[in-house]
Amino acid sequence: MPSDETRRVLKVFGVAVTNLEDAIDKKAPTDEIMKWDGELAERMREVTNLVERLRSRRID
């Protein structure tokens, strides 16, 4: 069963992807698109860190 952390990380990642996609689709100003791009990059780091922690548990 996924942990609360896993659920949170995946939820905020999904929101970040959606926000960036929406900004691009509505042709938002570049600064708004870059804001969401930065947010997505941060969330991607969180997902990557989560995956790495899960992989290390698999090996132990």
Side-chain angles (χ1 to χ4, degrees):
M1 168 113 346
S3 69
D4 288 343
E5 179 190 13
T6 298
R7 291 176 192 279
R8 182 198 66 78
V9 168
L10 294 176
K11 179 180 178 182
V12 296
F13 176 76
V15 169
V17 170
T18 302
N19 286 339
L20 177 58
E21 185 176 28
D22 287 346
I24 291 168
D25 288 348
K26 73 176 186 180
K27 298 181 179 11
T30 302
D31 61 330
E32 181 180 342
I33 292 172
M34 294 310 294
K35 176 183 90 168
W36 293 122
D37 184 70
E39 177 74 15
L40 179 56
E42 177 61 29
R43 299 307 172 200
M44 188 66 193
R45 284 188 287 276
E46 288 182 353
V47 169
T48 300
N49 290 337
L50 173 65
V51 170
E52 290 302 317
R53 286 193 305 276
L54 291 172
R55 285 181 173 156
S56 71
R57 284 177 34 195
R58 176 187 67 198
I59 295 169
D60 290 342

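The backbone N or O of Arg45 sits less than 3.5 Å from a side-chain atom of Asn49, completing a donor-acceptor pair.
Leu54 and Met44 end up in the same hydrophobic cluster when Ile, Leu, Val, Met, Phe, Trp and Tyr side chains are linked at under 4.5 Å. Val9 and Val51 fall within a single hydrophobic cluster, where Ile, Leu, Val, Met, Phe, Trp and Tyr are joined by side-chain heavy atoms under 4.5 Å apart, directly or via other members.
Glu52 is not listed as a side-chain neighbour of Arg57, based on a closest heavy-atom distance of 4.5 Å or more. Considering only heavy atoms from C-beta on, Lys26 comes within 4.5 Å of Glu32 through its side chain.
Tested against Arg8 for a side chain to side chain contact (heavy atoms under 4.5 Å, CB included), the candidates Asp4, Leu10, Val12, Thr6 yield a single pass: Val12.
Atoms CD1 and NZ, on Ile33 and Lys35 in that order, are 11.5 Å from each other to the nearest 0.5 Å. Interatomic distance, CZ of Arg53 versus CD of Glu5, reported as 4.0 Å (0.5 Å rounding).
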Note to self: Applying side chain to side chain contact (heavy atoms under 4.5 Å, CB included) to Arg43 and Glu46, what does each step give before you reach the verdict?
What the structure shows: CA-CA 5 Å; Arg43 299 307 172 200; Glu46 288 182 353; 2.8 Å; yes

Show me the donor-acceptor pairs within less than 3.5 Å that the side chains of residues 18-25 make with the rest of the protein, sequence neighbours left out.
| from | atom 1 | to | atom 2 | distance (Å) |
| --- | --- | --- | --- | --- |
| Thr18 | OG1 | Gly14 | O | 2.9 |
| Asn19 | ND2 | Val15 | O | 3.4 |

